[in-house]
There are 2 protein chains.
Amino acid sequence: MSSARSHTWQDIQERIRRKIEDRTWSPGDLIPGEVALAEQFGCARTTVNRALRELAATGVIDRKRKAGTRVAMNKSRRVTAEIPVIRAQVEALEKEYRFELLENRSLVPPAYILDTLRLKADHKALHIRSVHYADDKPFIYEDRWINTRTITQIKKIDLTHTSANEWLVENVPFTCGEFVVVACMPGKRVVKAMQLSSKEPVLESRRTTWIGQKSVTTVALYYQPDFQIRFDI
Amino acid sequence: MSSARSHTWQDIQERIRRKIEDRTWSPGDLIPGEVALAEQFGCARTTVNRALRELAATGVIDRKRKAGTRVAMNKSRRVTAEIPVIRAQVEALEKEYRFELLENRSLVPPAYILDTLRLKADHKALHIRSVHYADDKPFIYEDRWINTRTITQIKKIDLTHTSANEWLVENVPFTCGEFVVVACMPGKRVVKAMQLSSKEPVLESRRTTWIGQKSVTTVALYYQPDFQIRFDI
DNA sequence: AAGTGGTCTAGACCACTGA
DNA sequence: CAGTGGTCTAGACCACTTT
């Protein structure tokens, strides 16, 4: 009957996965409770719990107290990607990294930036524009606004030597935020700085980060036209 | 000294997080071992382990046996997104879903598709093109190739009533795969089917999935020009 | 060889939520 | 209220690496 009965949570998870793939348990079905499964698999309930917890985290099953565990109906997949510091991204391609600061001054941002950073109409913010190069070819154009009411220390930093990207990542405590990707036609500034033909669409990623309720920074990155963002499923 | 000493792993995690944010432990530093932390926080080692495990999973710390736990240098962030079935995506917008099948036939794919699906030069595959609508407005254009050597059952399915997207998600067991996002200018077919002005760039997402070593399907989705893919950090 | 993280167990109590 | 998942504990053994 039962072959190799390893009791690792990975193994238990694999067995449960298979039952779902087999359609022993179909989407929407209630599957046995943790105690039952523990007995069935001959392991501790804790181990079953670990296996199920991870399956729930990736959206394979839905769990509710008292209601039990069901195979997820909507197999929406959760994908993940690594978003590294730009320097690391360039160095991972085995190219030499360098960046150029185009702008670094404090001014009142346009309305949609004020809104994003939740600043009032007359508040200033630090506007930073720079180009990041890989082996002397423009790689990413960065257009960033920093809320200097939250990040007061940045006024003292020499951003011509350390990029804002890098400084923030290394010095600003963990934040939550959002990250949005769109396709766009680059504006004149981007076309020029990135040495593009003006007809090529590029990926634009917008990121805004927070410390608790306080906004930190919002940044738009424009990549080379052929650039891909890659995810694992 | 110690205030509210909850021993939930979330609490322990929060305390550790804070020590990193405080720069009590700076990037690159070795932090105390699990036993030490357990004693320090007055909880079981298992609880510390759980807290640290989750921090490691999101890239905040790096852990190695014997070497110990270090605060991550490269705070590369892992972002996650939900990729739902197209129907669910439309219905989440509270719009009515419908789709139209444009093509559904078996033929020898172009070379790059053969390569992606790891098929031989004379092998046929099922080519499916369709448009997915939200309230009668084109929402996504789908260009899919299915490896009928892996998914033999699909020949029997009526794909005019159930979209391939939906059928695959609900019927093909779990796969691994890759997911790539690029910006592109849509081709003629896409422009026409999506009723676009031909100058607008759109997001293209390419996904290829596998069952073990066997390729299942590769699909390119073209979204409406203003469409955003959103991630949580 | 030794130290550190990784995991399993058995038992216990808690927290949520459906009936 | 009762059943299910969520978590904590204490102790044990294992597996991986660095020394």
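We name chains A, B, ... by the order of the sequence lines, and we start the count at 1 in each one.
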- Query: When all nucleic acid strands are considered with a 4.0 Å heavy-atom cut-off, which category describes B/Arg50: base, sugar-phosphate, or nothing?
  - Reply: sugar-phosphate
- Query: Would B/Leu221 and B/Ile86 satisfy side chain to side chain contact (heavy atoms under 4.5 Å, CB included), going step by step from the backbone distance to the final call?
  - Reply: CA-CA 10 Å; B/Leu221 301 180; B/Ile86 298 174; 4.3 Å; yes
- Once the angle between the rings of A/Phe139 and A/Phe227 is folded into 0 to 90°, is it parallel (under 30°), tilted (30 to 60°) or perpendicular (over 60°)? perpendicular
- Residues B/Glu54, B/Arg17; criterion salt bridge (charged side-chain N to carboxylate O under 4.0 Å, His left out); working and verdict: CA-CA 11 Å; B/Glu54 310 245 328; B/Arg17 253 213 168 80; over 6 Å; no
- Task: Could you check B/Thr47 against A/Arg45 and say which one's nearest nucleotide on DNA chain D is further toward the 5' end?
- Result: A/Arg45
- Are the charged groups of B/Glu34 and B/Arg53 less than 4.0 angstrom apart, N to O? no
- Note on the structure: Students should find that the nucleotides of DNA chain D closing off the region near chain A, any atom under 4.0 angstrom from a heavy atom, are D/dG3 to D/dT7
- Message: Tell me if a side-chain donor or acceptor on B/Thr148 pairs with a main-chain N or O of B/Ala125 at a distance below 3.5 Å.
- Response: no
- Message: Is it the case that the side chain of A/Thr47 and the backbone of A/Cys43 share a donor-acceptor pair, with hydrogens and angles ignored and the cut-off at 3.5 Å?
- Response: no
- Query: Starting at the 5' end of DNA chain C, which residue's closest nucleotide do you reach first, B/Thr69 or A/Thr46?
  - Reply: B/Thr69
Can you check nucleotides 15-19 of chain C for protein contacts, nitrogen or oxygen pairs under 3.5 Å, and list what you find?
from	atom 1	to	atom 2	distance (Å)
C/dC16	O4'	A/Arg65	NH1	3.4

- Is A/Arg70 salt-bridged to A/Asp29, cutoff N-O under 4.0 Å? no
- Item | Aromatic A/Tyr133 / basic A/Arg98 pairing, under 6.0 angstrom, 45° off normal | yes
